[in-house]
Amino acid sequence: MAARYTKDHEWVRVEGDVATCGISVFAAEQLGDVVYVELPAVGRQVEQGGEMAVVESAKAASDVYAPVTGEIIAVNDALTSNPEKVNEGPEGEGWFVKIQLTKPGEVDALMDEAAYAAFAKA
Amino acid sequence: MNTVSGNRGLLQAENLIFEIGAETRTGVDLPAPKGRADRLGGLKRTAPLPLPGLSEPEAVRHYVRLSQKNYAIDLGFFPLGSCTMKHNPRLNEKMARLEGFADLHPLQPVQTVQGALMLMEELSRWLITLTGMQAVALSPKAGAHGEACGMLAIKAAIVARGEGETRKRVLVPSSAHGTNPATAAACGFIVDEIKGDADGRVDLADVTEQLGPDVAAIMMTNPNTCGLFEPDIRRIADMVHAAGGYFYCDGANYNAIVGRVRPGDLGVDAMHINLHKTFSTPHGGGGPGAGPTVLSAALAPFAPVPYLVRDGETLHLVETENSADGEAQPFGRMCAFHGQMGMYVRALTYMLSHGADGLRQVAEDAVLNANYLLARLKGHFGAPFGDRPCMHEVLLDDSTLKPHGVETIDLAKALIDEGYHPMTTYFPLVVHGALLIEPTETESKAELDRFADVLIALAERAKTDAAHFKSAPHLAPMRRLDETRAARQPKLRWRPEEALRAAAE
């Protein structure tokens, strides 16, 4: 399915009952060069809107919030040693985590690409 | 232009001390001891330590050359926001060097240091009076250490009430100094963020919503890091107290209100005071910091040891929790001894030489200077919170530069070429591309005008010449450093084999 977005600039793409999540192209551009990513442990339960990861750039450190509720079933370990992947492809190679959804309905309430583009512009 | 020597005019090139030193050289040449038996039981070092030996003139030149590449408040205007880089008066230095203060040892008998203890008592009296509080812990060594002192006193008070297990949340605004949430977390609290409102102040509705019986404290800075006074601070304090919590105030910006506002009147329960900011003692390499922490009546009993008590004509220090008397229940101790004596002397000198009226004028002039800069610079840079007056620091952003391809970092680097230490950049985080400028009261109008002229000229140049900014600094001892690579692949140790390899390339 197409990506959905949160107001905190995370994206989520759902296949089956697994959501792949990361930070948006807009967020990566705002942060500038990412120098450090802290990812959660696999197996951790996260709640929609709860702290999930930390991303740090030369400018700022920011919390990354879970866009959906569920269990972390995979993390993108490559970001730990190569944080630049976040800038190279925020919504592709630079994904953060995969979450096993426990409340699939949450996704529908998130913004679609057009709505998010308008939100980020405002 | 490249030179054969690597020097640039009279500015000397200088390598790392490890590169210029050698094990065969020394500044002090002592003959090898004779007729001494080895008493190390066979553990005597067999190879020399790989330390960089230098002759005395080499050592002196090395550090003088490094100091010439440095920037200092004694050299020029230092507009770092929230850092209060004000002039360090020479009278302070003269007093701190008096042998009765400078040559003391912390383990000397207290009968022999009554004068020093009297100075600490007098400094305490000034700090308590200026802040309208009940007690002061002098010993914390810097701002964040003072925060820890205040938060540990809050924790002790909560434990004493029997709520140690239930009151664990600390509320911190999104605009806070990063040390606030770090301190709260280090003291075992859970940190929750309070939103800012569109005006750059704490969102009262969010405070109301988040307050509850599990909240131990709120940590606020006033004026806040956007350089704005928090108008609802008294209301917030009352709300926090009504909910059973305490109010920690980050005193980093006390310079803006000293002599005009007593934090105790605002309902503050604990606040650290950076003597190296408000009270003009040196920063960083210029001398150790000092972060005395004032406490309200509710927290005073939990002040750490050592603290001063007067017994008739004699002063002494209560050194252990067990020897505390009366209502005192010290939460522990912040450091080995009583704190930074040299900074106490300098701070009290500053207070006495200004007087109460002079300290009031410090705050007034600091705010006036900041508003003068705001008036000159608005229009040339973005003003994220509109046209209103600021307190002691001016918060601008790079929104007028960005359309031309110039960002905050580029402006900061170009400012180095103009001979200024850059302002605080990208902080507070609530403003994108933030430029935070704190002129302090010690800069003259002429200096402020010169600085404003430079910034305005740079803003104009940005419209047509982004390339100049992207490659700045051009005139600094080092060109643009790769901050991203430094953060991604930090090299924290000099290794001779890597240096050799780099030289071969």
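Residue numbers begin at 1 in each chain, while the letters A, B, ... track the order of the sequences. Keep in mind it's a predicted model, so treat the numbers as computed, not measured.
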Counting only heavy atoms not in [X], do more than 12 fall under 6.0 Å of its [atom1]?
X	atom1	value
B:K378	NZ	yes
A:Q100	CD	yes
A:Q45	CD	yes
B:E497	CD	yes

Self-check item: B:E407 portion near chain A, given a 4.5 angstrom heavy-atom threshold
Solution: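 It is the side chain, since no backbone atom gets that close.
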Exercise. Over all heavy atoms of both residues, which pair between A:V35 and B:T484 is shortest? Give the atoms and the distance, please.
Key: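 Heavy-atom minimum between the residues: CG1-O, 3.8 Å.
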Quiz item: Which heavy atom in A:N87 sits nearest to a heavy atom in B:R488, and how many Å separate them?
Solution: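 Looking at all heavy atoms of both residues, the closest pair is OD1-NH2, 3.4 Å.
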Quiz item: Tell me, side chain or backbone of A:E84 under 4.5 Å from chain B's heavy atoms, or both, or neither?
Solution: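 Both backbone and side chain of A:E84 come within 4.5 Å of chain B.
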